[in-house]
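Both counts, for ligands and for their atoms, begin at 1 and track the order of listing. Computed from a predicted model, the values in this text were never measured in an experiment.
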Amino acid sequence: MNKGLEIRLYPSKEQRVLIDKTLGCSRFVYNQVLALKKELWEDYKISFNPNLKSFKEEWPFLTKVPSQALANSYMDCMTAYNNWFNSIKKKTKQETKFPKFHKKGQKNSFRIAATKTSKGYDIRIEDYEHIKVPKLGLIRFRNYNYIDWSKVHIYNITIKKTLSNKYFASICCELVEPEYIKPKFDACGFDLGLKDFAIFDSGEIIKNPKYYRNTEYRIKKTQRQLSKCKKFSKNYKKVQLKLAKLHEKIKNQRKDFQHKTSRQIVNENQVIVSEDLNVKGMLKNHKLAKSIQDASFGSFCNMINYKANDQRRQYVRIGTFYPSSKLCHCCGFKYKGLKLEERFWTCPECGTYLDRDENAAINILNEGLRILNRNTVGSTGNDKSLKPVDTVYNSALEQEPVITSSYTACHAGKSPIFSG
Ligand SMILES: [Zn+2]
């Protein structure tokens, strides 16, 4: 199983200098290649591929850093240029803009692929505290202590530096499959909200932590402080660093919360159903934008998706246009005039008193089970419940569904299936 892991690096002073140099040189190579190609295209309309070797002869300082990082940077520039070139030659339908030059602080990362040497691969975990990287040597790191590193094969490493001057590495590697955890429940459906982070069909609620709101006053204060400083003065840089750290803190808190929540949902349920949120479309509504960004549902759904894959769960996403809050989950009546501020309503058809969010979650669950059922009916094999479902394709078809009577019983999947 291939996976990307992020670890925090604690390079020594010499290593820091070399990493910083490599970051600079990678950016330099990218920009030089791009500048050359741009000039030759604009002046002579030719696509010229410069030679990286000649770069090293012209600028000897490039030989002091890991050559692979430069080669990858060179390739990245080529890919970006070719994407643009194919787009103007109408070879692809996608429209691509001419690649931008990399500015300092904007793209602070470089990538090195592992190669096999006589002593094994040149990027490897040496012990639980050190990772070996060509030219950089052993770098101290921390994270993922529960992984049996002896069985991990690393394909490549991306080293990056944050605005708060911290070093991280993403390692792409092959891991042994994680231990399978038996789910407690058949299925769960949930609705993502702004007031509460998630509302389940069982009525259970996960509160929105709203880290941003809580730290907002500190950020605003620091921003004001920054605006009063003389630009690029010593103090300016100090306050700028403080601001970067605050933003980073929120990001980490949010990530931590999302990882824990998604892990719990995946471990407890075999089938998970949620709405396929069109986050980009929602962000256009500025009033809601901050809260949505705060909760960042998109990354949360991605976490559920990959964790569900690891644990052989089924994750179904319902199309955005499915009117989950407008349907009565008991009789299927559609209340067209439901307003956003109506938190509760009574179904005129069957008289059920409905909690808006809980009703939506039940509808989402039922709809997900319906899609899943339709996809597994007629297939053979004993473990058909474990087969993946192409949910994205199906949810696109589920814009105005007809509710069938078989699913009008709510909490359809809430009985524990594994009694043990
Ligand atoms: Zn009803």
Cys350 N/O/S atom closer than 2.8 Å to the Zn ion (ligand 1): yes
Does His329 put an N, O or S atom under 2.8 Å from the Zn ion (ligand 1)? no
Pairing of Lys334 and Glu349 as salt bridge, 4.0 angstrom limit: no
Does the pair Lys116/Asp122 count as a salt bridge with the N-to-O cut at 4.0 Å? no
Indicate yes or no for a side-chain donor-acceptor contact from Glu248 to the backbone of Thr162 under 3.5 Å, with no hydrogens or angles considered. no
Note: SG(Cys328)-the Zn ion (ligand 1)-SG(Cys347) angle, rounded to 10 degrees, equals 110°
Assess whether side chain to side chain contact (heavy atoms under 4.5 Å, CB included) is satisfied between Ile364 and Asp201, documenting all intermediate values. CA-CA 8 Å; Ile364 286 169; Asp201 58 296; over 6 Å; no
